[in-house]
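The figures here come from the full heavy-atom set of this structure, side chains too, leaving out hydrogens, waters and symmetry mates. Order of the sequence lines sets the chain letters (A, B, ...), proteins ahead of strands, with each chain counted from 1.
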Amino acid sequence: MAIPLNYNLNSLRVRWSSTVVAVLGIAGTVGVFVAVLALAKGFKTTLVASGSPGNALLLRGGSTSEMSSAISLDQEHIIEDAPGVARDSSGPLVSGEVVVIAPFPLKATGTDANVQVRGVSPKALAVRNIKVVSGRFFQPGLDELVVGRNVAGTYSGFDLGNTVKFGGGTWKVVGVFDAGGSAFDSEVWADAHVLNGVYKRPENNFQSVTVRLTSPEAFQHFKDTLTSDPRLTLDVERELEYYDKQSRALTTLITVLGTLVALVMGVGAVFGALNTMYSAVAERSREIATMRALGFGTGSVVTSFVFEALCIAFVGGLIGCLGVLPLNGMTTGAMNWQTFSHLAFAFRVTPPLLVGGIVFALIMGVAGGVPPAVRAARARIAVALREL
Amino acid sequence: MVRVDGSGNGSSLVRVRGLDKKYQRGSEEIHVLQGLNLDVDRGDFVAFMGPSGSGKTTLLNLLGGLDLPTRGTITVAGDEITHLSGGKLTTWRARHVGFIFQMYNLIPVLTAFQNVELPLLLTRLSKSERKQHVETALQVVGLGDRMHHYPRQLSGGQEQRVAIARAIVADPTFLLCDEPTGDLDRKSADEIMDLIDRLVAEHGKTVLLVTHDPVAAARAHTLLHLDKGVLVEAHRAGSTAGGRN
């Protein structure tokens with residue numbers, strides 16, 4: 001049978017000061033680890049939420065984002081006639097869109113940030129299943145804007161009824177839409193034809209076409225039809241995949257950098273745990289020798305001290321996770337490298353991330369607990385019994 | 001009957017033959033025990049005396065399976081322990097040896113009850129059986145009313161009595177006492193020796209005691225003297241050499 005657990009728990013309590021140091025070291029590391037992953041998760045979730053499973057997004061062949069794409073009105077008409085395109089009373093649910101980047105001052109700092117301004121068709125709301133939550137949608141042909149729900153809170157001048165100037169035009173904010181926490185919530189929308197005109201871009205040219213399909217299963221036939229059409233050289237993707245790819249660069253960077261920072265901190269925390277456990281073993285060498293003399297085997301001793309280290313690690317992990325929990329839902333912003341525009345998103349502290357944080361803590365506990373435990377089990381009993 | 005000349009007949013509880021123990025200190029080789037023979041019968045109470053460094057504690061450690069000899073054999077209750085592996089030796093210790101140390105060696109974060117229960121955790125006894133055994137052992141040493149006290153809440157003599165309860169609770173084959181009164185005042189030391197006397201006389205325990213204290217040693221049936229690694233019978237007034245008083 002193992003050495004009783006209350007031996008370890010009471011020992012931790014008695015040696016509370018060094019226990020607290022080790023616990024805080026691990027808590028800090030886990031906190032940073034989970035916070036960074038929550039940041040990456042929030043960014044990815046926001047972008048991926050922009051895609052709908054029943055939508056397809058079309059770009060010029062070889063384009064990696066809307067910024068480098070071009071699709072003509074003729075091509076859009078061919079797309080509208082493809083099989084699988086959903087329709088309502090006004091016709092096919094297809095939105096030819098253009099994007100420009102315009103600088104607007106951030107409310108928080110007063111410095112400019114790039115905002116993505118999207119020229120859309122009047123069908124964009126139906127294509128994306130987005131609802132206007134205050135005001136109204138823009139009138140086609142007018143210099144009017146509807147803005148995502150994050151825009152008014154993040155940038156100056158976008159309150160309902162305000163007038164803003166950019167691209168040589170003067171625009172009136174007539175509505176606010178809720179895109180369900182997706183990247184569109186950070187966008188400003190206008191009529192595509194008006195935006196093209198203000199920016200003196202060729203008329204009847206779009207950068208992307210978003211299509212609502214009759215069902216997600218209709219995608220493959222839709223894609224095959226368009227990619228085999230000799231009049232078109234388009235890349236056809238599910239909207240979800242497109243935004244997933246857009247999120248990858250920054251998500252990967254945040255995750256890699258964050259994990260590196262957490263690992264470096266983790267090494268420090270492991271040394272903290274090692275220090276605590278080595279001193280625990282040194283201070284208790286006579287107790288350990290006594291228990292081995294009584295008949296507890298080396299396995300019991302190792303298990304006992306690893307358990308003790310895991311207790312420290314678990315409590316540290318728990319505190320780290322609890323400390324990060326208030327970040328959940330807190331909105332922050334970052335540059336989307338694919339569009340060079342500012343994207344507001346929220347930290348997402350998810351249950352799997354919390355479990356990951358606890359597992360990370362326990363790994364640190366094992367790393368910090370095993371070497372001292374082995375030392376405890378290997379000490380010569382006859383010598384250790386005489387130590388004070 | 002205790003013999004040191006190797007003439008035991010094989011029925012002894014403890015049988016030691018040709019025991020050598022050497023230590024290496026730097027380039028120097030120290031012979032702590034040299035060709036030692038010993039036979040101790042069940043129910044004997046043997047005291048070992050000798051100057052510091054004479055090998056008393058080393059002998060006790062070897063008999064208790066805490067250390068291995070350089071040469072020779074130790075057989076306890078028919079089991080030769082000198083060739084047992086680490087794991088088997090640990091199991092053997094749990095079953096056969098009750099240790100009583102000079103500094104008591106109680107676990108400070110456990111109560112008297114929990115300290116005494118430790119050896120029973122290595123047995124198949126149920127929780128209620130363990131409780132019964134622990135209570136009995138603590139009552140034998142007169143601490144039935146101190147079960148839930150921590151070592152820091154007990155006097156030195158009481159701590160040593162808890163240690164004795166821990167040593168006897170699993171009913172080991174023999175008790176090894178390393179200076180059990182070395183850290184106690186005279187009165188407490190006498191109480192501890194009274195208790196050990198009782199364990200021998202009333203419970204038939206076999207006790208091997210290492211001590212510097214001639215008063216404590218005088219309680220033993222047999223007094224052996226260790227000097228320069230060699231065991232010799234001590235002659236004392238009113239004793240029968242090599243046997244019980």
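For A/K44, the NZ atom is densely surrounded, since the number of other residues' heavy atoms within 6.0 Å is greater than 12. Atom CZ of A/F314 is surrounded by 12 or fewer heavy atoms from other residues, nucleotides or ligands within 6.0 Å. Atom CZ of B/R146 is surrounded by more than 12 heavy atoms from other residues, nucleotides or ligands within 6.0 Å. Residue B/R17 places its CZ atom among more than 12 non-hydrogen atoms of other residues, nucleotides or ligands, all under 6.0 Å distant. More than 12 heavy atoms of other residues, nucleotides or ligands lie within 6.0 Å of CZ in A/R248, so this atom counts as buried by the packing criterion.
For a residue to count as touching a neighbouring chain, one of its non-hydrogen atoms must lie under 4.5 Å from one of that chain's; by this rule B/R95 does not touch chain A. When heavy atoms are compared at a cutoff of 4.5 Å, B/N105 approaches chain A by way of both its backbone and its side chain. For B/E117, no part lies near chain A; criterion is any non-hydrogen pair under 4.5 Å. Proximity to chain B (any heavy atom under 4.5 Å) is restricted, for A/R380, to the side chain, taken from C-beta onward.
Considering every non-hydrogen atom in both A/G295 and B/A94, the closest pair reads CA-CB, 3.8 Å. Summarising the geometry of B/F101 relative to A/T290, their closest heavy-atom pair is CE1-CG2, 4.2 Å, with the distance given to 0.1 Å. What you find for A/P4 and B/L121 is that their closest heavy atoms are CD-CD1, 3.5 Å. When all heavy atoms of A/L294 and B/L122 are compared, the pair lying nearest together is O-CD1, 3.5 Å.
In this structure, B/L89 CG and A/R292 CZ are separated by 10.5 Å, a value rounded to the nearest 0.5 Å. Separating the CZ atom in A/F296 from the CG atom in B/L118 is a distance of 5.0 Å, to the nearest 0.5 Å. Here the straight-line distance linking atom OH of B/Y150 with atom CG of A/N10 works out to 5.0 Å at 0.5 Å rounding.
The shortest side-chain heavy-atom distance between B/F99 and A/L385 does not fall under the 4.5 Å cut-off. Taking 4.5 Å as the limit, every side-chain heavy atom of A/E287 sits out of range of all side-chain heavy atoms of B/L110.
Among B/V97, B/N61, B/L66, B/T58, the residue making the largest number of heavy-atom pairs under 4.5 Å with chain A is B/L66. Taking chain A as the reference chain and counting heavy-atom pairs below 4.5 Å, the highest number among B/L106, B/L60, B/I107 is found for B/I107.
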- Task: Mind running side chain to side chain contact (heavy atoms under 4.5 Å, CB included) on B/R93 and A/I381 for me, showing each step along the way?
- Result: CA-CA 12 Å; B/R93 273 200 306 273; A/I381 304 175; 3.5 Å; yes

